[in-house]
Amino acid sequence: MDAAGVHETGPAARALPVEFYARATLTVARQLLGKVLVHDAPDGGAAGIIVETEAYIGEGDPACHASRGRTPRNAPLYGPPGRAYVYLNYGMHWLVNAVTEPEERPAAVLIRALEPIEGLDLMRSRRARDGVVLDEVRLCRGPGNLTRALGIGAAQNQVSLRRGGLRIEDRGLPRRSVLTGPRIGIRVGIDRPWRFWIAGSPCVSGSGGQSAN
DNA sequence: CGTTCGATGCACT
DNA sequence: GTGCATCGAACGT
């Protein structure tokens, strides 16, 4: 609560509660669309609207990191919901997930793309490469790109998404129509339509998206 | 200890 | 559409 004890209006109030994450992963993946991923880092803050997600669910999902059982690396998947699971992929890209489901049920939602809304200049400088200026649409398109733009890395693994520098907030943005289709960038489990994105958003990765639903 | 390979991004053909 | 950069986790000797 704030000083007046009336109503809390800061970041902590807008951050999604643990109950949001402690549900079926497909539900969380869909409902994270339109929410805002925020990272207040030492070198500055930046934020964007989540426009693309993918669900990775349990040891029975061959594309989920938990498919071969619990390991030190994937331990965050087995931990409490509402925390971040951040790991290095292909030796160069940090990918950020929101851990879902009740504790001990390994599952998470991969954040794949954002529409940048805050800290655009900082994002550009973080992503600057050979002096090329990136347009807003490409700034956070792709899971490895958005972590770089937001300054997310190993230090954010397992942090709470409810308080602290890394948060996901509900800012009451208007609901937009959602499409679903197969997950991309994986070689197994492509039969499951567990990718979700906001229809028509230019910031969505891959083809941007025609598919069913 | 060596080998494989991945929830990618980007340049290039 | 193909190839490559780059590295640590996982697994098989």
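Remember, it's a predicted structure, so these values are computed and weren't measured experimentally. In what follows, chains are A, B, ... by sequence order, proteins preceding strands, each numbered from 1.
- Between the CG atom of Leu139(A) and the P atom of dC10(B) there is a distance of 11 Å, rounded to whole Å.
- Residue pairs meeting the salt bridge (charged side-chain N to carboxylate O under 4.0 Å, His left out) criterion with at least one member in residues 107-117 of chain A, sequence neighbours excluded: Glu52(A)-Arg112(A), Glu54(A)-Arg112(A), Glu115(A)-Arg176(A).
- Arg127(A) comes within 4.0 angstrom of the backbone, heavy atoms only, and of no base.
- For CZ of Arg138(A), the number of neighbouring non-hydrogen atoms (other residues, nucleotides, ligands) closer than 6.0 Å is 12 at most.
- Between the NE2 atom of His65(A) and the P atom of dC5(B) there is a distance of 16 Å, rounded to whole Å.
- Neither OP1 nor OP2 of dC5(B) sits under 4.0 Å from any side-chain N or O of Asn89(A).
- To the nearest whole angstrom, the two P atoms, one in dA5(C) and one in dT13(B), are 15 Å apart.
- Within 6.0 Å of CZ in Arg105(A) there are 12 or fewer heavy atoms belonging to other residues, nucleotides or ligands.
- Contact between Thr180(A) and Pro193(A) at its shortest, heavy atoms only, is CB-O, 4.3 Å.
- Taking atom P on both dC11(C) and dA7(B), the two are 13 Å apart, rounded to the nearest angstrom.
- For the pair Arg183(A) and Tyr56(A), the cation-pi criterion (under 6.0 Å, within 45° of the ring axis) is fulfilled.
- Between the CG atom of Leu110(A) and the C1' atom of dT8(B) there is a distance of 11 Å, rounded to whole Å.
- Residue contacts shown for Ile186(A) are limited to sugar-phosphate atoms, with no base heavy atom under 4.0 Å away.
- Taking only side-chain nitrogens and oxygens, Arg192(A) never comes nearer than 4.0 Å to OP1 or OP2 of dA7(B).
- Nearest-nucleotide mapping onto DNA chain B: of Leu134(A) and Tyr85(A), the residue sitting toward the 5' end is Tyr85(A).
- Taking atom NE2 of His93(A) as the reference point, atom P of dC5(B) lies 19 Å away to the nearest angstrom.
- In this structure, the CG atom of Asn145(A) is 17 Å from the P atom of dA7(B), given to the nearest Å.
- The CG atom of Leu37(A) sits 11.5 Å away from atom CD1 of Ile49(A), with the distance rounded to the nearest 0.5 Å.
- The outermost nucleotides of DNA chain C lying under 4.0 Å from heavy atoms of chain A, listed 5' to 3', are dA5(C) to dC11(C).
- In this structure, Thr147(A) contributes its side chain and Trp94(A) its backbone to a donor-acceptor pair below 3.5 Å.
- Rounded to an integer number of Å, the gap from CZ of Arg138(A) to C1' of dT8(B) is 16 Å.
- Between dA7(B), dG9(B), dG6(B), one nucleotide has an atom nearer to the side chain of Pro143(A) than all others, and that is dG9(B).
- With hydrogens and angles disregarded, a donor-acceptor distance shorter than 3.5 Å links the side chain of Arg126(A) to the backbone of Leu150(A).
- A straight line from CZ of Arg112(A) to C1' of dG9(B) spans 11 Å, rounded to a whole angstrom.
- To the nearest angstrom, C1' of dA7(B) lies 16 Å from CH2 of Trp197(A).
- In this structure, dG6(B) and dC7(C) make a Watson-Crick or G-U wobble pair, each of the two defining distances being under 3.5 angstrom.
- Residue Arg187(A) is classed as a sugar-phosphate contact, given heavy-atom separations below 4.0 Å to backbone atoms only.
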